[in-house]
Structures are given as C-alpha cells and as structure tokens.
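Dropping the structure in here first, questions after.
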There are 2 protein chains.
Amino acid sequence: MTPGALPTSAMSVEATLTASRALLGVVARSVAGALAVVTLPQFRVLVVLTGSGPLRIGALAEKMAAQQSTFSRTVERMVAGGWLERSPRPGSRREVLIDITPQGRALVDEVTARRRAELGRILSHLTTEEQAAVTAALALLAQAAGETPAEDLLILGL
Amino acid sequence: MTPGALPTSAMSVEATLTASRALLGVVARSVAGALAVVTLPQFRVLVVLTGSGPLRIGALAEKMAAQQSTFSRTVERMVAGGWLERSPRPGSRREVLIDITPQGRALVDEVTARRRAELGRILSHLTTEEQAAVTAALALLAQAAGETPAEDLLILGL
DNA sequence: CTATATTCATGCAGTAGTGCATCTATTGTA
DNA sequence: TACAATAGATGCACTACTGCATGAATATAG
C-alpha cells in the first residue's frame with residue numbers, strides 16, 4: 001500500500017460516513033413538513049401505530065419507552081390535534097385503544113412519499129448500471145448491518 | 001419486464017430506504033451515550049463549534065436557527081455543565097466568544113469514534129472486493145445526492 | 001460629544017416532555 | 001362478596017426549548 005493511502009476498509013468507512021450524511025439529509029427533509037404540525041416524539045407515535053395497528057395506551061407507552069402517565073397526556077394532545085383517536089376496546093370498559101386518524105395516516109404517508117420521491121430523484125442521476133451497482137452494494141451493507149431495532153431509531157426520536 | 005417485478009430504479013429506492021434505516025441506526029447508537037449528558041440541541045452546538053471554532057453568541061444562535069435570547073440561556077446551561085466556555089473577544093468588551101471545552105470536545109470525539117468503529121465492524125463482515133464495491137457505490141450515491149446543508153440535519157437536531 | 005447601532009442578558013410567558021405518586025374505575029380472583 | 005390486580009387519568013414538580021419585549025453595556029457614526 002502506498003504510504004499515506006488508506007486501506008480498503010478505512011476508505012469504505014469514510015465513504016459510508018459521507019453517504020450516511022446524505023441519507024440523513026433525505027430523512028430530515030422528508031419529515032420537515034410534518035414537524036411543522038407535530039413534534040418528533042408525536043410523529044414517532046404515528047409511525048409506530050401505522051406499523052402496529054391500534055394499541056392500548058400502556059402498550060404504546062412501552063413502545064415509546066415512556067411512562068404511562070406521561071403518555072396519557074401526549075395522547076390527549078394528539079387527540080386534540082386530530083392525529084389520534086381513543087376508542088374503548090370492545091368487551092372492556094377499562095382499556096382504551098389508541099388508533100391513528102385518517103389525518104394522522106395522511107401525515108405519515110406524505111413523509112414516506114416525500115422520502116421515496118427524493119431518493120428516486122437522486123438515483124435518477126445515475127445510469128441503470130450504476131443504479132444496479134448501488135442496489136447491490138446497499139443490500140450488502142444492510143445485510144451486514146443486520147436488523148435495526150425500532151428502539152434504536154427512537155434515540156433520535158424517529 | 002416480468003409482470004410484478006420492479007424496475008431497476010424502484011429497486012434502488014427500496015434498497016436505499018433499507019440501508020438508510022441501518023445507517024440511521026448507526027448514527028443513533030453513536031449519539032446515545034452523549035444524549036445521557038446533553039440534549040440533542042446541545043450536542044448540536046458542540047458539533048457546530050467543533051467545525052467552526054469559537055463563535056459569537058449571536059452568530060452561533062443564527063447557525064442554530066434560534067433566537068439570540070434563547071441561546072444566551074442555552075449557552076448558560078452548557079457553560080454550567082462544563083461543555084462550553086465564554087471568553088470576551090480580545091479588543092472588545094461587548095462581544096462574547098463561545099468555545100467548546102476539552103470536555104465538550106471529548107464528547108464529540110467519542111461519538112465520532114463510536115460511529116466509525118461501528119461502521120468498521122459492519123464493513124468487516126464484507127470481503128475486500130465487496131468493500132470496494134460498497135465504497136464505489138456510496139461515493140456515487142453521495143455525489144448524486146449533492147451537498148447536505150447543515151441546516152437540513154438541524155431539522156432532526158443533529 | 002451626542003445619538004444611534006450593536007451585542008448580549010434578562011424578564012415574562014408559554015409548550016412539550018419527563019417522572020413519581022396517587023386516585024378512580026374496572027376486572028379478575030380467592 | 002370482598003380483596004387484589006390492572007388500566008388509565010390526574011396532581012405535582014421539574015427541565016429544556018421557544019419567542020417576544022426590554023434593559024444594560026459597549027462601540028460606532030455623525
């Protein structure tokens with residue numbers, strides 16, 4: 001190896017760091033609009049519910065790594081905003097199911113669509129061959145990284 | 001194209017989405033430790049100062065897209081925590097320069113190191129050839145994405 | 001030298017999130 | 001039926017962030 005040159009692995013790390021900054025930018029811009037109307041923790045609630053379907057308030061609090069009492073109030077705010085709706089669980093007058101409203105779902109969809117759109121725009125600058133190479137490489141990278149627990153993304157409020 | 005199959009571009013978008021989740025996880029885990037001692041906005045201040053060197057409190061507020069008055073207090077908290085230090089600008093008794101302390105720098109360095117380390121660990125699962133392919137593909141992707149303004153990352157508090 | 005502009009700090013007020021303890025209603029069990 | 005467990009809401013207290021208005025000190029321009 002030429003003195004001063006980086007080994008393949010170090011080059012990969014640097015390239016990955018740079019790319020991750022770009023992708024972070026895409027993610028950030030995709031949620032920017034939503035953050036004008038809900039907070040990041042609130043948006044997170046919507047994403048979780050989109051993936052899980054209706055949840056008891058306690059179960060939801062657990063997924064958000066929050067206290068149940070804290071959550072009762074967060075839900076209250078979000079119901080007031082029209083993002084969530086409470087409904088008693090059929091057959092129980094104690095449990096309360098929280099579900100996302102159409103308005104909430106639209107917000108999540110908008111973010112997802114925006115993210116896909118921008119990625120598509122970026123990738124459209126590449127040739128079909130380059131796109132294929134990117135697809136293969138990212139698949140490899142994702143596989144090497146393994147599953148990303150939802151709790152990890154929660155660290156950033158996502 | 002076989003019915004039901006995705007065009008190359010759509011496949012690339014999905015692969016990129018998946019990979020971006022993985023990379024987001026890496027970023028999140030890298031800052032998790034820091035978030036035990038500072039908030040995300042505060043960490044952001046440290047990152048900005050690391051890149052820029054000492055700044056006037058007004059200029060720093062502008063970079064953080066915050067009100068100067070808000071910032072005066074944030075700085076106060078961070079000085080109390082030992083992350084920042086105020087010093088009068090030489091030749092001016094009005095302006096106050098904010099700089100990161102060694103403790104603050106150590107925090108940022110720790111996060112950076114952790115991020116590089118995990119990326120290295122992930123990439124070590126790949127062969128040298130695969131690493132080279134990933135490096136090339138990500139460079140392509142980053143170039144296609146263009147520059148990511150710091151303000152964009154600020155959306156997420158990063 | 002005086003008036004104006006700049007720079008930062010502070011008072012005031014509000015939102016969101018956080019945790020702990022506690023209360024009420026309901027459900028399940030002994 | 002009485003007691004314990006569960007689910008959720010509420011009271012209380014605190015931190016951080018946010019903006020707007022304003023005050024105080026300093027620097028600059030006329």
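These figures come from a predicted structure and were not determined experimentally. Residue numbering restarts at 1 for every chain, and letters A, B, ... go by the order of the sequence lines.
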- [ ] Record whether the side chain of B/Arg94 comes under 3.5 Å of the base of D/dT26 through a donor-acceptor pair of N or O atoms.
- [x] yes
Task: Side chain of A/Arg77 - closest among D/dA7, C/dT6, C/dA16 - done: C/dA16
Open item on the list: If you assign B/Ser72 and A/Phe71 each to the DNA chain C nucleotide with the nearest heavy atom, which residue ends up on the more 5' nucleotide?
Closed with: B/Ser72
- [ ] Give the rounded distance in Å between these two atoms: CZ of B/Arg44 and P of D/dC17.
- [x] 14 Å
Open item on the list: Regarding A/Thr39, tell me which of base, sugar-phosphate or nothing describes its non-hydrogen contacts under 4.0 Å with the strands shown.
Closed with: sugar-phosphate
Open item on the list: Under 4.0 Å, counting only non-hydrogen atoms across every strand here, what does A/Glu76 touch: a base, just sugar-phosphate, or nothing?
Closed with: sugar-phosphate
Open item on the list: Just the rounded figure in Å: distance from P of D/dT26 to CD1 of B/Ile57.
Closed with: 16 Å
Open item on the list: Taking any heavy-atom pair under 4.0 Å as a contact, classify A/Ser69: base, sugar-phosphate, or nothing.
Closed with: base
Open item on the list: Could you tell me if the side chain of A/Leu49 sits less than 4.5 Å from the side chain of A/Leu60, heavy atoms only?
Closed with: yes
Task: side chain to side chain contact (heavy atoms under 4.5 Å, CB included) evaluation trace for B/Val79 with B/Leu84 - done: CA-CA 5 Å; B/Val79 167; B/Leu84 298 182; 4.0 Å; yes
- [ ] Check whether any side-chain N or O of A/Arg93 sits under 4.0 Å from OP1 or OP2 of D/dA7, and answer yes or no.
- [x] no
TODO: Consider only side-chain N and O atoms of A/Thr135 and B/Ser12, and report whether a donor and an acceptor are under 3.5 Å apart.
DONE: yes
Task: Derivation and outcome, side-chain hydrogen bond (donor to acceptor under 3.5 Å, both in side chains), residues A/Ser30 and A/Arg115 - done: CA-CA 5 Å; A/Ser30 71; A/Arg115 199 174 301 180; 3.0 Å; yes
TODO: Output yes when B/Arg114 and B/Glu110 qualify as a salt bridge under the 4.0 Å nitrogen-oxygen rule, no when they do not.
DONE: yes
- [ ] Could you state the atom-to-atom distance from CZ of B/Arg73 to C1' of D/dG19 in whole Å?
- [x] 10 Å
Task: Distance, rounded to the nearest Å, where A/Met64 contributes CE and C/dG19 contributes P - done: 11 Å
Open item on the list: Is the phosphate of D/dT18 approached by B/Thr70 (side-chain N or O, under 4.0 Å from OP1 or OP2)?
Closed with: no
Task: Interatomic distance where CD belongs to B/Gln68 and C1' belongs to C/dT10 [whole Å] - done: 10 Å
Open item on the list: Would you say A/Arg86 places a side-chain N or O within less than 4.0 Å of OP1 or OP2 belonging to D/dA9?
Closed with: yes
- [ ] Pick base, sugar-phosphate or nothing for B/Arg56, based on heavy-atom distances below 4.0 Å to the nucleic acid.
- [x] sugar-phosphate
- [ ] Whole angstrom is fine here: how far is it from CG in A/Leu35 over to C1' in D/dT18?
- [x] 15 Å
Open item on the list: What's A/Gln42 touching, base or sugar-phosphate or nothing? Going by heavy atoms closer than 4.0 Å.
Closed with: sugar-phosphate
Task: Nearest-angstrom distance from the residue atom CZ of A/Arg89 to P of C/dT26 - done: 16 Å
Open item on the list: Between A/Gln67 and C/dG17, is there a contact of a side-chain N or O with OP1 or OP2 at under 4.0 Å?
Closed with: no
Open item on the list: Could you tell me how far apart B/Phe43 (CZ) and D/dC17 (P) are, to the nearest whole angstrom?
Closed with: 14 Å
